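Below is one structure, written out as structure tokens; comments come after it.
Predicted model only: the values in this text are computed from it and were never measured. Index from 1, following the sequence. The analysis underlying the following values was restricted to heavy atoms, covering all of them including side chains, and did not include hydrogens, waters or symmetry mates. Read the numbers this way: they start at 1 and go in the same order the structure lists the ligands and their atoms.
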Amino acid sequence: MTTATSSTIAIPAVGEVPRHIAIIMDGNGRWARARHLPRVAGHRQGVEAVRAVVKACAERGVQYLTLFAFSSENWRRPREEVSLLMELFVRALQLEVKKLHKNAIRFRVIGDLASFSERIQELVGDSVALTRDNRGLTLTVAANYGGRWDILQAVNRLLAERTPGSGPVREEDLAGRLSMSEAPEPDLFIRTGGEQRISNFLLWQLAYTELYFTDTLWPDFDAAALDAAIASYRRRERRFGRTSEQLAQQSVPRQ
Ligand code: IPE
Ligand code: IPE
Ligand code: MG
């Protein structure tokens, strides 16, 4: 399963449209501040951007969209902001899940949900169950997610399952236990809001992902901004360790 999509085990197929886009949706607070509004107004507008980008990705044939909504470090924010973000998450899910389902979107959540309220856990469970068999875009929301947490939970599962004589751990043993193991690794990573860092997002999976940073604040990110990111992606030469000459000689055309 993961062997086929591991960029370090086999060279993945590269298409015109990224199969998997992962986004750090950053800049909500600054968007609000620029308008003399409370930070939560930025988060609210951010939900609108999510709606637009989900739709645009589905229309463009992107198969996986993974959105960083709340990091394991975002608990460090003022309590009030954290609870407003949770409220917003609940409301957005309640309002949108039927529409996601109608559009054949498969909804998933990654992250340590144990620290979320029972209400949220239930709502997430119901939404995931409802959309499980959908064959359209897979929308994954990373909530209380951290790349290090993900690697550690995979290591701990691996340790628990190992028996004496299992031999050395192979890449696919670990990759297969990460939260995103069913998805191909992201082709394109987008971070809005001007910062150029990973902030503990998908550390393992981003090994060969093309990185795209834009100053556009998340609430302003729309279909046109997505197209600019995809256009940049198309101009990249994805070598996966090889030389440009090798790529030129390759008989396999881009899909
Ligand atoms: C991203 O926007 C949303 C979350 C991290 C939940 P921010 O809230 O980080 O916005 P800025 O970076 O302060 O502008
Ligand atoms: C990253 O944004 C996390 C999410 C977008 C959910 P932050 O705003 O928390 O990142 P830092 O703190 O600037 O690195
Ligand atoms: Mg931020």
- Check each of Gly194, Ser199, Gly146 against atom 11 (P) of ligand 2 and report the one with the nearest heavy atom.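 Selected option, by shortest heavy-atom distance: Ser199.
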- Task: Only heavy atoms count here, so choose which of Arg30, Glu195, Arg77 is nearest to atom 8 (O) of ligand 1.
- Result: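 Minimum heavy-atom distance to atom 8 (O) of ligand 1 goes to Arg77.
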- Could you tell me whether Arg35 sits above the aromatic face of Trp31, with NZ or CZ closer than 6.0 angstrom to the six-membered ring centre and within 45 degrees of the axis?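 Yes, Arg35 lies over the aromatic ring of Trp31.
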Nearest non-hydrogen protein atom, [atom]:
atom                    : result
atom 10 (O) of ligand 1 : Gly29 N, 2.9 Å
atom 1 (C) of ligand 2  : Ile24 CG2, 3.8 Å
atom 2 (O) of ligand 1  : Asn28 N, 3.2 Å
atom 9 (O) of ligand 2  : Asn74 ND2, 2.9 Å

Close side-chain approach of [X] to [Y], heavy-atom, < 4.5 Å:
X      : Y      : answer
Phe107 : Leu130 : no
Asp26  : Trp218 : no
Phe240 : Pro12  : yes

- Item | Proximal ligand 1 atoms for His43, defined as those under 4.0 Å from one of its heavy atoms |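 The atoms of ligand 1 under 4.0 Å from a heavy atom of His43 are 3 (C), 8 (O).
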- Is it true that the side chains of Asn144 and Ser115 contain a donor and an acceptor less than 3.5 Å apart?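 Side-chain D/A pair, Asn144 to Ser115: present.
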- Does the side chain of Ser244 come under 3.5 Å of the side chain of Glu237 through a donor N or O and an acceptor N or O?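 Yes - a donor-acceptor pair under 3.5 Å links their side chains.
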- Message: Using a plain distance cutoff, I'd like to know if Trp31 has any nitrogen or oxygen under 3.5 Å from a nitrogen or oxygen of ligand 1.
- Response: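 By distance alone, the answer is no.
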- Would you please determine whether Gly42 falls within less than 4.0 Å of ligand 1 on a heavy-atom basis?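 Judged by the 4.0 Å heavy-atom criterion, Gly42 does not count as contacting ligand 1.
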- Touching ligand 1 at all, Gly193? Heavy atoms, strictly under 4.0 Å?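 Under 4.0 Å: no for Gly193.
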- Task: Indicate, as side chain, backbone, both or neither, the part of Arg33 found under 4.0 angstrom from ligand 1 when only non-hydrogen atoms are considered.
- Result: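 The answer is neither; Arg33 stays 4.0 Å or more away.
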- Assess whether side chain to side chain contact (heavy atoms under 4.5 Å, CB included) is satisfied between Ser179 and Tyr145, documenting all intermediate values. CA-CA 10 Å; Ser179 318; Tyr145 179 86; 4.0 Å; yes
- Message: Just to be sure I read this right, does ligand 2 sit under 4.0 Å from the backbone of Ala69, its side chain, both, or neither, counting only heavy atoms?
- Response: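 For Ala69, only backbone atoms sit under 4.0 Å from ligand 2.
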Should you measure from each heavy atom of [X], which atoms of ligand 2 turn up under 4.0 Å away?
X      : value
Arg197 : 11 (P), 13 (O), 14 (O)
Asp26  : 2 (O), 8 (O)
Phe70  : 6 (C)

- Query: Mind checking whether the Mg ion (ligand 3) has an N, O or S of Asp26 under 2.8 Å?
  - Reply: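 An N, O or S atom of Asp26 is closer than 2.8 Å to the Mg ion (ligand 3), so yes.
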- Item | Non-hydrogen atom of Arg191 closer than 4.0 Å to ligand 2 |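 In this structure, Arg191 qualifies as a contact of ligand 2 - some heavy atom is under 4.0 Å.
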- Output the distance between atom OG1 (Thr214) and atom OH (Tyr212), rounded to the nearest 0.5 Å.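 Here the interatomic distance stands at 5.0 Å.
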- State which residue, out of Glu16, Glu210, Arg238, fulfils the side chain to side chain donor-acceptor pair (under 3.5 Å) condition with Tyr233.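 Of the listed options, the one satisfying the test is Arg238.
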- Query: Between Arg106, Arg108, Glu182, which is the residue that forms a side chain to side chain donor-acceptor pair (under 3.5 Å) with Thr138?
  - Reply: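 Going through Arg106, Arg108, Glu182 one by one, the side chain to side chain donor-acceptor pair (under 3.5 Å) with Thr138 is satisfied by Arg106 alone.
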- Message: Tell me if the aromatic rings of Phe189 and Phe213 count as close, with their centers under 6.0 Å from one another.
- Response: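 When the ring centroids of Phe189 and Phe213 are compared, they turn out to be within the sub-6.0 Å range.
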